[in-house]
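Quick notes on the structure that follows.
Letters A, B, ... mirror the listed sequences (proteins, then strands); counts begin at 1. Values below: all heavy atoms of this structure, side chains included; hydrogens, waters and symmetry mates excluded.
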Amino acid sequence: MAKRKSALDEAAQRAFGAENRARLLHRWFADRPAVEPGRAWEEVYRLLLWVDATTGLAHCYESDKAQPGRPWYARSLAFHVWLSDRLGVEPTELVDELDWMFRQAVRDLAAQQREGLSEKARAQREPYDGRELPEPGADPELAEIIEEELGDWLREPPPEEVWARVVTRVQAHLSQENKRRNLTGEGFEDVVVALVNRLGAGRDVRARTQVRLGDLDGFYPTREGDKAKLIDLVVENGRTGARALVTAKWSVRSDREEQFRSDFEAYTRLQSDNRPFGHVLVTNEFDPARLVRACESRAQNAPLFTDVVHVQPHGVLAAYGEASGAVSHKTQRKVQEYVEAGRLTSLDDWIAGLLD
DNA sequence: ACCTATCGTCAGGTAGAGTC
DNA sequence: GACTCTACCTGACGATAGGT
């Protein structure tokens, strides 16, 4: 048997890395019919959107504010129901429709950890054989909680190593959520690119991620010693020559807003020709104030973004209570107006526009 | 007085390049 | 090949402004 690891193992070495993400996406699209125009947003949600474990609802806002009784719980419920209806499943079944990419990546990660780590750990503890040392994963308080709740139902107290295994598994389960952030970010870029390329196939429209500005036609090459400026993604139309410099952010925060501005300044400063270029924000942010700011931001006496694109603006409006006529807050109404005016466009409309 | 919306900051995480 | 360092990602949090 050859020593060489299979391609699958190689990629899964970095479960969240570019290679494994590409592998996963390839598999996802291989099993499915061609993406239908108008339904790109569904792919994004099936691949990347997740259900918040504390509420059981599709995640659309900060978890502390989406707890039962708080304002975003009502909005999360509305979004969850809207999405279930659109995907044609019961609200209790939605969880199985979403989050494919993360669930796959975590499985790869778990497989890789099971293999490598326990062997090494044994070697590390070996010099202390014969001495009492704390077992990893010992968390007496967590064990106590479980025992208090379940004790009466147990015929006998479980042995130590069972406690350790339970506690370790609970801890691993909880820490998993923290890993999601990484995949959501770069995975979002990958998914948008994959969708543009699939829908743009045969129309000479091409999208790429992580493009160095200096390598782009119409911009000065990066000077020696300068750090290359990376663009989240670039879309080029070979027929019309149109190009769009895109920043893809699953969510928005004020520090990222600062970056939008400074990145755009760099783009204009380093431009070597006069051909206009699109400057686009693609996001899944649900916060009305952040969305309105993206629509209204200006730079050099023009809108900062030529296009502000949301994965699914109608999902946002559903969350605000569009269906029940409850879009009452001023900022929310403004979002509604921007959607109606086409200033805040949907991913699908934006992609369709790229293909003209 | 109370409640919500807003928004800056921070922590936890990974990948990937560089170095030895 | 292992380790270190840097860049970058996002969600949670919580202080405070603002509305009723």
Side-chain angles (χ1 to χ4, degrees), chain A residues 3 5 10-24 48-55 57-67 69-76 99 101-102 105-106 108-110 112-113 116-117 120 123-124 171-172 174-192 209-212 226-233 247-263 281-294 296-297 311 316 319-321 326-335:
Chain A
K3 282 270 173 62
K5 286 181 177 173
E10 296 270 348
Q13 287 271 310
R14 289 181 301 275
F16 299 83
E19 213 178 314
N20 199 36
R21 295 197 311 268
R23 194 191 114 236
L24 290 174
L48 296 174
L49 186 70
W50 65 99
V51 162
D52 183 312
T54 63
T55 58
L57 301 175
H59 177 281
C60 66
Y61 208 67
E62 299 157 18
S63 141
D64 57 329
K65 295 158 191 75
Q67 293 306 309
R70 306 214 49 195
W72 277 89
Y73 187 59
R75 293 171 199 148
S76 298
D99 207 19
M101 214 164 160
F102 183 69
V106 159
D108 293 342
L109 187 72
Q112 155 201 336
Q113 283 177 347
L117 295 181
K120 270 193 181 164
Q124 285 165 331
Q171 285 168 338
L174 294 176
S175 72
Q176 247 178 35
E177 269 316 293
N178 287 332
K179 304 179 199 299
R180 175 187 297 286
R181 301 163 181 184
N182 212 297
L183 191 74
T184 309
E186 301 197 337
F188 188 38
E189 295 171 17
D190 293 344
V191 171
V192 171
T209 54
Q210 300 289 306
V211 181
R212 296 155 57 128
D226 279 5
K227 201 160 75 73
K229 193 126 195 85
L230 286 176
I231 309 160
D232 286 350
L233 60 109
T247 173
K249 300 284 170 244
W250 184 260
S251 69
V252 176
R253 294 295 178 274
S254 64
D255 47 350
R256 293 164 226 169
E257 287 172 3
E258 297 295 325
Q259 252 176 30
F260 296 157
R261 201 162 248 105
S262 68
D263 285 349
L281 171 67
V282 180
T283 186
N284 190 52
E285 179 60 61
F286 272 65
D287 182 300
R290 291 171 183 143
L291 286 173
V292 165
R293 248 196 323 278
E296 294 179 349
S297 281
V311 173
V316 175
Y320 296 168
V327 182
S328 53
H329 198 270
K330 202 169 70 184
T331 329
Q332 291 174 2
R333 266 207 310 275
K334 238 170 168 178
V335 171

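Atom CG of A/D263 and atom P of C/dA7 are 15 Å apart (whole Å). Distance A/D64 CG to C/dA15 C1': 13 Å, rounded to the nearest Å. Regarding A/R21, its CZ atom lies at a distance of 9 Å from the P atom of B/dA15, rounded to whole Å. Atom CG of A/L291 is separated from atom P of B/dC7 by 12 Å (rounded to the nearest Å). Residue A/F188 contributes atom CZ, which lies 22 Å from atom P of B/dT14 at whole-angstrom precision. Per the geometry, CD belonging to A/E189 stands 15 Å off P belonging to B/dA15, to the nearest Å. At whole-Å resolution of the value, CG in A/N182 and P in B/dT14 are 7 Å apart. If you measure from atom OH of A/Y73 to atom P of B/dC3, you get 20 Å, rounded to the nearest angstrom.
Mapping A/E186 and A/S254 onto DNA chain B by nearest heavy atom places A/S254 closer to the 5' end of the strand. Across the interface with DNA chain B, nearest-nucleotide mapping of A/N178 and A/R290 shows A/R290 to be the residue nearer the 5′ end. Of the two residues near DNA chain C, A/L230 and A/S251, the one whose nearest nucleotide lies more 5' is A/L230.
Comparing C/dG11, C/dA12, B/dG13 by their closest approach to the side chain of A/W250 singles out C/dG11. Side-chain proximity of A/Y61 to the nucleotides B/dT14, B/dC7, B/dA5 is greatest for B/dC7. The side chain of A/H329 approaches B/dT6 more closely than any other nucleotide in the set B/dT6, B/dA15, C/dT10. Taking every side-chain heavy atom of A/E62 into account, C/dG14 is the closest of C/dG11, C/dC9, C/dG14. Taking the side chain of A/P288 as heavy atoms from C-beta on, and the options B/dA5, B/dT6, B/dT9, the nearest nucleotide is B/dT6. Across C/dC9, B/dT4, C/dA12, the shortest atom-to-atom separation from the side chain of A/Q259 is found for C/dC9. Considering only the side chain of A/R14, B/dG16 comes nearest among B/dG16, C/dC9, C/dG11. Comparing B/dC7, C/dC9, B/dG13 by their nearest atom to the side chain of A/D232 picks out C/dC9. With distances taken from any side-chain atom of A/A289 to the nucleotides B/dC7, C/dG11, B/dC10, the minimum falls on B/dC7. Distance from the side chain of A/R253 is smallest to B/dT9 among B/dG16, C/dT10, B/dT9.
No contact: A/R180 has no heavy atom under 4.0 Å from any strand. A/R293 comes within 4.0 angstrom of the backbone, heavy atoms only, and of no base.
Both the sub-6.0 Å distance and the 45° axial angle are satisfied by A/R75 relative to the ring of A/W72.
Ion pairing between a basic and an acidic side chain is recognised when a charged N comes within 4.0 Å of a carboxylate O; A/E186 and A/K249 show no such pairing. Remark: A/R290 does not engage A/E257 in a salt bridge, criterion side-chain N to carboxylate O under 4.0 Å.
Between the side chain of A/K65 and the base of C/dG14 there is at least one donor-acceptor pair of N/O atoms closer than 3.5 Å.
Dashed line: the shortest gap from a side-chain N or O of A/K179 to OP1 or OP2 of B/dG13 is not under 4.0 Å. Between A/T331 and B/dT6 there is a side-chain polar atom (N or O) within less than 4.0 angstrom of OP1 or OP2.
In this pair, A/F188 and A/W250 present their aromatic rings perpendicular. The plane angle is above 60°, beyond the 30 to 60° band.
With sequence neighbours excluded, no residue forms a side-chain hydrogen bond (donor to acceptor under 3.5 Å, both in side chains) with A/S63.
Residue A/L281 comes nearest to A/A294 through the heavy atom pair CD2-CB, 3.7 Å, listed as atom of the first residue, atom of the second, then distance.
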